[in-house]
Amino acid sequence: MTLSIYNTETGKKSIFQPLAEGQVKLYVCGITAYDYCHIGHARSTLVFDMIVRYLRYRGYQVTYVRNFTDIDDKIINRANEQHTTTKELANKFINAFHEDMAALGVTPPDIEPMATEHIDEIISMIETLIHNGYAYQQGSDVYYRVDRFKAYGRLSKRNIEDMKAGARISINEKKENPLDFALWKGSKPGEPSWDSPWGQGRPGWHIECSAMSRKYLGDTFDIHGGGKDLIFPHHENEIAQSEGATGKTFVKSWIHHGFVTIKDEKMSKSLGNFLTIREILKKYSAEVLRFFIFSSHYRSPLDFSATAMEQAETGLNRLYSCLAEIAKLPATGDPGKAQAAGKKNIKKINSLDQRFCQAMDNDFNTAQGLGHIFEVIKALNTILQSLPPIPAQADLELLRGAAKNIRELAAIMGLLSHDPLNFIAEKQKQILADLNLEPGAIERLIQQRDEARKEKNWARADELRNKLAEMNIEIKDGTEGTSWQVKLG
RNA sequence: GGCGGCGUAGCCAAGUGGCUAAGGCAGUGGUCUGCAAAACCAUUAUUCAUCGGUUCGACUCCGAUCGCCGCCUCCA
């Protein structure tokens with residue numbers, strides 16, 4: 001089995017071959033720390049979390065670097081507005097980011113470098129670029145000479161002439177070409193600044209990623225990722241900087257994920273239609289958000305809505321319910337009894353690994369992978385349904401093995417991480433608390449209903465059941481008495 | 001204007017030229033039940049925006065048209 005990845009640069013899927021056998025070096029552009037993160041950021045971190053987990057599952061040794069931009073214009077402006085320093089502001093939101101990531105259960109990257117801690121590397125790279133003729137100084141600024149880099153536009157598939165015609169670029173007298181971008185910006189009085197050969201200033205936005213990825217991953221590395229909006233100019237400029245400085249290919253494969261939209265529009269601060277991760281997590285669990293995100297392909301746009309989240313929650317509950325039923329099975333069965341499971345279902349269950357990996361190998365197709373998991377859930381439910389009171393030992397082993405397998409595969413997406421019985425119990429406890437209900441009171445009502453049922457007083461029994469239903473309590477009459485649960489979702 | 005992408009059932013969504021177009025949610029009929037609920041079974045796209053072309057064969061490749069979205073300015 002071979003892993004294929006869609007590479008933005010070639011516009012095609014191709015077989016993934018790491019530079020060093022068994023090792024993957026991955027750099028992902030992280031956040032600019034000036035505000036709370038929204039669910040678009042959540043998608044980004046969750047998608048790469050899944051990619052890293054899958055690569056590791058496949059046996060690769062992954063070095064995962066994700067940076068923080070902790071100095072730029074937005075941070076400076078926001079710090080001024082809030083009468084604080086850029087450092088304090090950035091730290092505040094980096095901490096908030098870490099809290100959000102912990103709440104989402106995201107595996108931390110191996111290295112989380114910050115721009116302001118790599119000023120030396122940045123300056124040194126700019127000096128190399130000046131030396132190589134790719135950059136020029138104007139006063140206390142340094143700009144990248146876009147015309148000089150022949151491959152400029154390679155990633156975003158545009159050419160310099162077309163972009164000039166676009167004419168949405170502000171004319172800056174200091175630049176040789178309006179498309180040239182800043183590597184170093186001279187600072188105004190009162191702004192945070194560092195010493196440099198060109199005077200007091202700070203790095204441009206793009207250079208930090210070139211300098212830091214080089215430091216931690218080398219001149220050439222396997223995968224560079226981010227949101228689609230970073231393709232131009234950010235990643236295009238990174239290529240120009242890194243390749244201008246090293247003369248080597250910067251990145252083998254570019255991965256860009258799609259946006260989260262609301263009512264089919266990209267979330268953005270100017271439209272005021274963004275939701276922060278913490279707002280979402282007040283209403284939905286991390287796994288519901290993960291389920292929602294992974295039920296479509298990472299490159300597709302994803303439209304956020306309450307309906308979509310509720311559907312995700314229902315789907316996730318279905319997975320947990322099946323696993324909980326399996327967990328409730330007796331410890332041992334009858335070793336001599338014939339299996340209740342049919343051949344077709346056994347085959348479906350046993351081929352899950354293979355089919356799941358086939359889906360994931362096809363450019364991390366989590367939606368298809370989830371589909372395969374649901375097919376197996378259906379097979380498991382069918383078997384559970386046909387199980388006699390004392391089941392065959394072979395069936396018990398099959399069901400438990402499948403449940404374990406499903407949880408291992410789901411873990412690649414960070415799903416089904418809770419103990420199924422606990423999950424259901426915790427959830428019910430929480431909903432009960434939200435509804436202000438006492439389990440004791442419910443059980444008393446059920447007992448009253450059972451008495452009515454024994455007397456075949458159906459009118460009274462139904463009345464009590466309706467009363468419970470109004471309280472969001474579902475009743476299940478089984479052979480061993482009546483069980484109840486809170487209506488999930 | 002330049003460039004990139006998308007359009008598959010009521011909704012969400014997968015689909016790497018050829019086997020019955022996955023899966024989820026919702027709906028309908030049935031099994032179970034005193035009636036229900038849950039679960040299960042069955043059912044819901046002769047068709048993949050439209051029109052052409054390539055091919056023995058296309059949802060899948062090519063072209064055109066319509067509609068939607070994104071990037072070209074900070075953006076995950």
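Residue numbers start from 1 in every chain, and the chains themselves are labelled A, B, ... in the order their sequence lines are given, proteins ahead of strands. The figures here come from the full heavy-atom set of this structure, side chains too, leaving out hydrogens, waters and symmetry mates. Keep in mind the model is a prediction, meaning the values are calculated, not measured.
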For [X] and [N], is the shortest distance between a side-chain N/O and OP1 or OP2 below 4.0 Å?
{"X": "A:R299", "N": "B:G5", "result": "no"}
{"X": "A:N381", "N": "B:C40", "result": "yes"}
{"X": "A:T382", "N": "B:C41", "result": "yes"}
{"X": "A:R66", "N": "B:A76", "result": "no"}
{"X": "A:R318", "N": "B:C40", "result": "yes"}
{"X": "A:S295", "N": "B:C25", "result": "no"}
{"X": "A:K476", "N": "B:A39", "result": "no"}
{"X": "A:N159", "N": "B:G2", "result": "no"}

Given [options], identify the nucleotide with an atom nearest to the side chain of [X].
{"X": "A:F374", "options": "B:C72, B:G23, B:A37", "value": "B:G23"}
{"X": "A:T32", "options": "B:C25, B:C3, B:A76", "value": "B:A76"}
{"X": "A:N365", "options": "B:A14, B:C72, B:C25", "value": "B:A14"}
{"X": "A:R158", "options": "B:C12, B:G23, B:G2", "value": "B:G2"}
{"X": "A:H41", "options": "B:A22, B:G24, B:A76", "value": "B:A76"}
{"X": "A:N362", "options": "B:G23, B:C35, B:U16", "value": "B:U16"}
{"X": "A:S300", "options": "B:A36, B:A14, B:C74", "value": "B:A14"}
{"X": "A:H38", "options": "B:A76, B:G2, B:G24", "value": "B:A76"}
{"X": "A:K74", "options": "B:A76, B:A22, B:C74", "value": "B:C74"}
{"X": "A:E265", "options": "B:A36, B:A14, B:G70", "value": "B:G70"}

- Query: Atom NZ in A:K157, atom OG1 in A:T8: separation rounded to 0.5 Å?
  - Reply: 7.0 Å
- Task: To the nearest 0.5 Å, tell me how far A:Y27 OH sits from A:D222 CG.
- Result: 15.5 Å
Can you tell me the distance, in whole Å, between the [atom1] atom of [X] and the [atom2] atom of [N]?
{"X": "A:L302", "N": "B:G7", "atom1": "CG", "atom2": "C1'", "answer": "17 Å"}
{"X": "A:D363", "N": "B:G15", "atom1": "CG", "atom2": "C1'", "answer": "14 Å"}
{"X": "A:K157", "N": "B:G5", "atom1": "NZ", "atom2": "C1'", "answer": "11 Å"}
{"X": "A:F291", "N": "B:G23", "atom1": "CZ", "atom2": "P", "answer": "14 Å"}
{"X": "A:M101", "N": "B:A76", "atom1": "CE", "atom2": "P", "answer": "12 Å"}
{"X": "A:I377", "N": "B:A22", "atom1": "CD1", "atom2": "C1'", "answer": "16 Å"}
{"X": "A:K228", "N": "B:G5", "atom1": "NZ", "atom2": "P", "answer": "9 Å"}
{"X": "A:K348", "N": "B:C40", "atom1": "NZ", "atom2": "C1'", "answer": "15 Å"}

For [X], answer base if it contacts any base atom (sugar-phosphate contacts may also be present), sugar-phosphate if it contacts only those atoms, and nothing otherwise; contact means non-hydrogen atoms under 4.0 Å.
{"X": "A:G40", "answer": "base"}
{"X": "A:T45", "answer": "nothing"}
{"X": "A:L230", "answer": "sugar-phosphate"}

- Message: Please determine whether side-chain contact (heavy atoms from CB on, under 4.5 Å) holds for the pair A:F304 and A:I280, giving the CA-CA distance in whole Å, both sets of side-chain angles, and the decisive distance to 0.1 Å.
- Response: CA-CA 11 Å; A:F304 181 88; A:I280 298 296; 3.4 Å; yes
Whole-angstrom distance between [N] and [M], as gauged at atom [atom1]:
{"N": "B:C74", "M": "B:G67", "atom1": "C1'", "answer": "29 Å"}
{"N": "B:A9", "M": "B:A14", "atom1": "P", "answer": "13 Å"}
{"N": "B:U50", "M": "B:G7", "atom1": "P", "answer": "13 Å"}
{"N": "B:C19", "M": "B:G57", "atom1": "P", "answer": "15 Å"}
{"N": "B:U16", "M": "B:A21", "atom1": "P", "answer": "15 Å"}
{"N": "B:C59", "M": "B:A26", "atom1": "C1'", "answer": "25 Å"}
{"N": "B:C41", "M": "B:C32", "atom1": "C1'", "answer": "12 Å"}
{"N": "B:A42", "M": "B:C35", "atom1": "P", "answer": "24 Å"}

Is there a Watson-Crick or G-U wobble partner for [N] with both distances under 3.5 Å, and which nucleotide is it?
{"N": "B:A14", "value": "none"}
{"N": "B:A9", "value": "none"}
{"N": "B:A22", "value": "none"}
{"N": "B:C48", "value": "none"}
{"N": "B:U73", "value": "none"}
{"N": "B:G57", "value": "none"}
{"N": "B:C40", "value": "B:G30"}

Report yes if a donor N or O on one partner sits less than 3.5 Å from an acceptor N or O on the other, where the partners are the side chain of [X] and the base of [N]; otherwise report no.
{"X": "A:D229", "N": "B:G70", "result": "no"}
{"X": "A:D477", "N": "B:C35", "result": "yes"}
{"X": "A:R449", "N": "B:G34", "result": "yes"}
{"X": "A:Q385", "N": "B:A39", "result": "yes"}
{"X": "A:Q368", "N": "B:G15", "result": "no"}

- Query: Given A:T482, which of A:R449, A:R465, A:E443, A:K476 fulfils the side chain to side chain contact (heavy atoms under 4.5 Å, CB included) condition?
  - Reply: A:R449
- Message: Stacking between B:A76 and A:F259, yes or no? Criterion: centroid separation under 5.5 angstrom, plane angle under 30 degrees.
- Response: no
- Message: Do A:K74 and A:Y34 form a cation-pi contact, if we require the NZ or CZ to be under 6.0 Å from the six-membered ring centre and within 45 degrees of the ring's axis?
- Response: yes
- Message: Would A:R66 and A:F48 count as a cation-pi pair here, with the cationic atom under 6.0 angstrom from the ring centre and within 45° of the axis?
- Response: no
- Query: Will you find, in the side chains of A:E310 and A:T307, an N or O donor that is under 3.5 Å from an N or O acceptor?
  - Reply: no
- Message: We want to know whether A:H234 and A:E238 form a side-chain donor-acceptor pair, criterion being a heavy-atom distance below 3.5 angstrom.
- Response: yes
- Task: Would you please indicate yes or no on a ring centroid separation below 6.0 angstrom for A:F93 and A:F68?
- Result: no
- Determine the sole option in A:W254, A:Y64, A:F250 for which the ring pair (Phe, Tyr, Trp, His ring centres under 6.0 Å) test with A:F221 is passed. A:F250
